[in-house]
Amino acid sequence: MYSIPSLDLPPLATAGGRVRLPGSKSISNRVLLLAALSEGPTQVDDLLDSDDTRVMLDALRALGCQIDTTGPQSVRVQGMGGRLAVREAALFLGNAGTAMRPLTAALALMATAQGARFELSGVPRMHERPIGDLVDALRQLGCPVQCLHNEGYPPLRIGDGQVHPLRLDAPIRVRGDVSSQFLTALLLALPLVAQHGDVVIEMATELISKPYIEITLNLLERFGVRVQRDGWDRFTIARGSRYTSPGRIAVEADASSASYFIALGAIAAPTPGTDGIAIDGIGLSSIQGDIRFVEAARLMGADIVGEDNALRVRRGAWPLKAIDLDCNHIPDAAMTLAVMALYADGTTTLRNIASWRVKETDRIAAMATECRQLGATVEEGADFIRITPPRGPAAGPPQGGTAPSGGSEPHEVGSVGAHGWRQATIHTYDDHRVAMCFSLAAFNPAQLPVRIDDPKCVGKTFPDYFETLFSVCRTPAERIPVICIDGPTASGKGTLAAEVASTLGYHLLDSGALYRLVGLAAEREGLSTTEADLRDPAHAERMGELAARLDVRFTPGKTWLEGEDVTEALRAEAAGMAASRVSAVPQVRAALLDLQLNFRHLPGLVADGRDMGTVIFPGAPLKVYLTASAEQRALRRHKQLISKGIPAILADLLADLQARDARDMNRTHAPLKPAEDAVLLDNSHLDIEQSVARVLDWWHGKQAFPVR
Ligand SMILES: Nc1ncnc2c1ncn2[C@@H]1O[C@H](COP(=O)(O)OP(=O)(O)OP(=O)(O)O)[C@@H](O)[C@H]1O
Ligand SMILES: Nc1ccn([C@H]2C[C@H](O)[C@@H](COP(=O)(O)O)O2)c(=O)n1
């Protein structure tokens with residue numbers, strides 16, 4: 001997950017490949033609650049691991065439910081059979097509507113029937129999301145429920161510690177026009193109190209988002225409770241209903257999450273050698289309503305082939321076709337249509353989406369604002385949004401080839417590209433779906449990058465969303481930004497590069513490590529690395545061959561040579577000196593070229609070394625030449641070694657690093673020197689933080705993202 005302030009997406013060109021999506025949030029949280037309310041243990045597989053499911057798991061554990069992790073996406077829930085193990089608890093439910101609503105209902109009934117008291121709260125936005133219709137229904141039943149700040153909104157106090165009789169004889173009336181989750185909450189909770197008679201729910205107003213109710217009814221059946229449904233007006237839970245564990249249950253992949261990859265397949269030209277986007281774990285037999293996004297995407301021109309548990313999406317009509325659609329049945333996935341509309345041949349209207357106003361944010365306002373940022377013309381109403389793409393029909397996303405104005409050259413601030421698209425900073429309003437939707441704007445035909453603020457908000461349902469997106473998207477290498485940091489030893493290149501890379505979410509290339517690996521591998525093979533031997537052409541040839549067949553692997557924080565962890569060995573001063581000697585051999589440099597170029601991956605790269613800016617990435621948009629006085633550098637290295645418990649003599653270190661500087665700067669091939677367009681940074685009197693801030697300032701200054 002990208003836990004950084006903003007993530008810059010370079011212009012993307014093509015897409016293709018296979019994705020496996022995380023489990024459905026709606027199913028995961030319903031299943032967890034049902035498993036906890038059931039009699040007996042339930043093994044839950046393919047569970048979504050996200051903010052919202054974590055909130056539900058924490059709440060259930062706080063209520064005394066035993067839940068053991070049995071695998072990366074699996075838990076075993078020891079059902080409590082509807083009996084409370086804890087009589088008083090304060091539960092923080094973040095911004096998870098799928099936890100707040102069902103827990104409110106289940107705890108209200110149990111607290112009233114068994115005598116308990118709970119407080120349920122969330123983040124500030126949760127306290128603005130209405131729950132009054134559910135509270136009214138629970139009060140009809142005789143449950144003491146108090147809204148602690150504003151009537152009709154969380155936080156709530158549920159129960160008063162006393163036992164009260166429940167009024168179950170008359171039908172319970174609940175409104176269905178604000179959120180279908182209120183009905184879901186009652187349907188999940190009422191089987192707990194249906195021992196003595198039928199329990200009936202009647203809709204007081206028309207029900208929206210019916211497919212979510214179908215998920216609820218389907219899962220209730222999996223847990224042994226069959227609800228009789230009369231149209232969408234009346235639901236009867238039969239006397240004697242009780243939850244029994246199905247033993248094992250697997251969560252389907254999330255249909256709303258699938259919408260981004262369906263849209264991706266429809267928008268992006270296929271990467272040569274691929275056949276569109278294959279999505280595993282969800283197909284046309286899904287119980288999730290958002291699977292009907294497939295129909296809407298087809299209306300817009302997507303070519304989708306569906307199987308029971310898989311989908312394949314290819315670009316069909318292009319540009320996409322504008323549509324006018326009632327989206328009441330796919331409220332979450334319909335947001336993705338709004339971004340597809342940016343690539344359509346006319347104006348798209350999405351109707352009957354009033355529920356967007358009370359979701360994680362006011363989604364109608366958010367989608368309208370952000371589409372306008374990109375250059376679209378947008379009209380919004382209480383329950384609709386109408387989107388005209390940036391200056392009329394889109395001509396097509398980038399097809400590959402060279403980017404305009406020199407590849408990853410920055411655009412001018414506030415730049416308006418071809419077709420009226422604008423380079424935009426997308427606000428995400430702590431709403432995962434806004435972030436995921438707008439990533440697709442990176443296929444804009446103007447080839448402008450897109451900045452997504454607060455990308456970690458995708459953690460609500462799809463923590464690895466951007467990683468998954470990058471795994472199936474391609475763009476010409478020159479559009480992937482590279483920041484080069486070259487300089488002499490111990491100037492702080494590695495430290496600076498790692499900090500800059502982690503702030504921007506970019507990959508990191510420590511090119512010095514590759515030369516160190518060659519030195520180490522040579523030593524292990526008994527191949528001399530003395531300057532004298534390396535001058536022998538046959539020996540240099542052998543060293544080049546060794547570099548070409550290096551068996552090396554990088555994992556976070558570790559480097560492996562032929563399966564052995566050599567992270568520590570590489571950092572030894574001797575390894576640095578050997579690296580300096582072998583790096584003067586042209587055959588070695590040639591052998592390592594492709595390896596270094598292959599580090600250039602989406603969304604960007606920070607590369608440190610000696611020739612990053614001059615030889616390896618000469619077109620990089622930012623090249624920094626980092627220096628500090630030899631004395632300062634020797635002092636830093638001394639401190640570094642001593643802090644690791646490695647004995648060192650300052651004078652020797654100074655002499656060694658001066659010798660290394662001289663060799664690195666004076667060799668014939670790719671000597672250490674600033675690139676002509678490099679900016680110089682002498683950090684002799686700057687600390688690490690100041691150096692990082694300086695480089696980030698330069699980088700942001702080169703970007704054209706509007707500050708909002
Ligand atoms: N601006 C700075 N001020 C003070 N100390 C720094 C600064 N930058 C880095 N250091 C410290 O200097 C030491 C050397 O830094 P680092 O290993 O990043 O240098 P390097 O240029 O990558 O070295 P090499 O080329 O040998 O790999 C580290 O202990 C680091 O914490
Ligand atoms: N791009 C590079 C990176 C490194 N080298 C050589 C020269 C250095 O002395 C040696 C070790 O590098 P360090 O890990 O200290 O950055 O490797 C090079 O020639 N070109």
Side-chain angles (χ1 to χ4, degrees), residues 482 484-501 508-520 522 529 531 534 547 559 566-567 569-586 588-593 595-597 599 606-617 620 623-644 646 648 653 656-673 675 681-695:
V482 180
C484 297
I485 300 178
D486 287 308
T489 186
S491 54
K493 301 179 303 297
T495 310
L496 177 62
E499 282 296 314
V500 171
L508 181 66
L509 165 59
D510 169 7
S511 61
L514 303 180
Y515 293 95
R516 287 173 187 254
L517 281 160
V518 175
L520 200 64
T529 63
E531 282 178 287
L534 287 167
T559 307
V566 292
T567 318
L570 280 187
R571 295 321 305 169
E573 284 305 281
M577 290 302 261
S580 173
R581 293 191 298 272
V582 298
S583 68
V585 177
V588 170
R589 304 201 76 81
L592 296 182
L593 179 65
L595 189 55
Q596 295 174 81
L597 294 177
F599 274 76
V606 183
D608 99 69
R610 304 293 187 287
D611 61 343
M612 298 295 98
T614 49
V615 177
I616 309 294
F617 302 110
K623 299 170 186 169
V624 177
Y625 189 81
L626 186 69
T627 53
S629 67
E631 291 70 22
Q632 273 291 349
R633 290 187 281 129
L635 269 174
R636 288 176 188 171
R637 182 66 85 218
H638 187 255
K639 205 164 141 195
Q640 190 180 26
L641 291 171
I642 298 296
S643 73
K644 286 190 196 160
I646 302 170
L653 287 175
D656 278 359
L657 75 77
Q658 283 169 329
R660 184 125 77 100
D661 285 357
R663 190 167 36 235
D664 293 348
M665 288 171 175
N666 296 318
R667 67 188 178 211
T668 317
H669 296 279
L672 168 63
K673 63 176 183 184
L681 178 58
D682 183 333
N683 70 0
S684 304
H685 306 292
L686 298 179
D687 63 20
I688 295 171
E689 222 172 272
Q690 290 167 322
S691 306
V692 172
R694 191 73 65 85
V695 173

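Start at 1 and go down the list; that is how both ligands and their atoms are numbered. If you read the sequence from its start, that first residue is 1, and numbering goes on from there.
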Separation of Met665 CE from Arg663 CZ (nearest 0.5 Å): 12.5 Å

Option whose closest heavy atom lies nearest to atom 13 (P) of ligand 2, chosen from Arg516, Met665, Arg663, Met577: Arg516

His669, Arg660, Lys493: member with heavy atom nearest to atom 9 (O) of ligand 2: Arg660

Arg571 N/O to ligand 2 N/O under 3.5 Å: no

Gln596 N/O under 3.5 Å from ligand 2 N/O: no

Please tabulate, one line per pair, the protein nitrogen or oxygen atoms found under 3.5 angstrom from a nitrogen or oxygen of ligand 1, with distances to 0.1 Å, or say none if there are no such pairs.
from: ligand 1; atom 1: 1 (N); to: Asn683; atom 2: ND2; distance (Å): 3.4
from: ligand 1; atom 1: 1 (N); to: Leu686; atom 2: O; distance (Å): 3.0
from: ligand 1; atom 1: 3 (N); to: Arg636; atom 2: NH2; distance (Å): 3.4
from: ligand 1; atom 1: 3 (N); to: Leu686; atom 2: O; distance (Å): 3.3
from: ligand 1; atom 1: 5 (N); to: Arg636; atom 2: NE; distance (Å): 3.4
from: ligand 1; atom 1: 18 (O); to: Gly494; atom 2: N; distance (Å): 3.4
from: ligand 1; atom 1: 18 (O); to: Thr495; atom 2: N; distance (Å): 2.8
from: ligand 1; atom 1: 18 (O); to: Thr495; atom 2: OG1; distance (Å): 2.4
from: ligand 1; atom 1: 19 (O); to: Gly492; atom 2: N; distance (Å): 3.2
from: ligand 1; atom 1: 21 (O); to: Ala490; atom 2: N; distance (Å): 3.3
from: ligand 1; atom 1: 21 (O); to: Ser491; atom 2: N; distance (Å): 3.2
from: ligand 1; atom 1: 21 (O); to: Gly492; atom 2: N; distance (Å): 3.0
from: ligand 1; atom 1: 21 (O); to: Lys493; atom 2: N; distance (Å): 3.0
from: ligand 1; atom 1: 21 (O); to: Lys493; atom 2: NZ; distance (Å): 2.8
from: ligand 1; atom 1: 22 (O); to: Gly494; atom 2: N; distance (Å): 2.8
from: ligand 1; atom 1: 23 (O); to: Ala490; atom 2: N; distance (Å): 3.1
from: ligand 1; atom 1: 23 (O); to: Arg637; atom 2: NH2; distance (Å): 3.3
from: ligand 1; atom 1: 25 (O); to: Lys493; atom 2: NZ; distance (Å): 2.6
from: ligand 1; atom 1: 26 (O); to: Thr489; atom 2: OG1; distance (Å): 2.6
from: ligand 1; atom 1: 26 (O); to: Arg637; atom 2: NH2; distance (Å): 2.3
from: ligand 1; atom 1: 27 (O); to: Arg571; atom 2: NH2; distance (Å): 2.9

Measuring only between side-chain heavy atoms, which start at C-beta, is [X] closer than 4.5 Å to [Y]?
X: Pro488; Y: Leu672; value: yes
X: Leu509; Y: Leu514; value: yes
X: Arg589; Y: Val615; value: no
X: Leu653; Y: Glu573; value: yes

Pairing of Asp656 and Arg637 as salt bridge, 4.0 angstrom limit: no

Audit row: Val624, Arg694, side chain to side chain contact (heavy atoms under 4.5 Å, CB included) steps and yes/no: CA-CA 10 Å; Val624 177; Arg694 191 73 65 85; over 6 Å; no

Residue-level breakdown please: for [X] versus ligand 2, do any non-hydrogen atoms fall below 4.0 Å on the side chain, on the backbone, on both, or on neither?
X: Glu573; value: neither
X: Arg589; value: side chain
X: Asp664; value: side chain

Chi angles and distances behind the side chain to side chain contact (heavy atoms under 4.5 Å, CB included) call for Arg571, Arg516: CA-CA 8 Å; Arg571 295 321 305 169; Arg516 287 173 187 254; 3.5 Å; yes

Donor-acceptor contacts, no H, no angles, side chain residues 626-634, under 3.5 Å, sequence neighbours left out:
from: Ser629; atom 1: OG; to: Gln632; atom 2: N; distance (Å): 3.1
from: Arg633; atom 1: NE; to: Ala628; atom 2: O; distance (Å): 3.0
from: Arg633; atom 1: NH1; to: Thr489; atom 2: O; distance (Å): 2.8
from: Arg633; atom 1: NH1; to: Asp661; atom 2: OD1; distance (Å): 3.3
from: Arg633; atom 1: NH1; to: Asp661; atom 2: OD2; distance (Å): 3.3
from: Arg633; atom 1: NH2; to: Asp661; atom 2: OD2; distance (Å): 2.6

Any Arg667 heavy atom less than 4.0 Å from ligand 2: yes

Donor-acceptor side-chain pairing of Ser580 and Arg667 below 3.5 angstrom: no

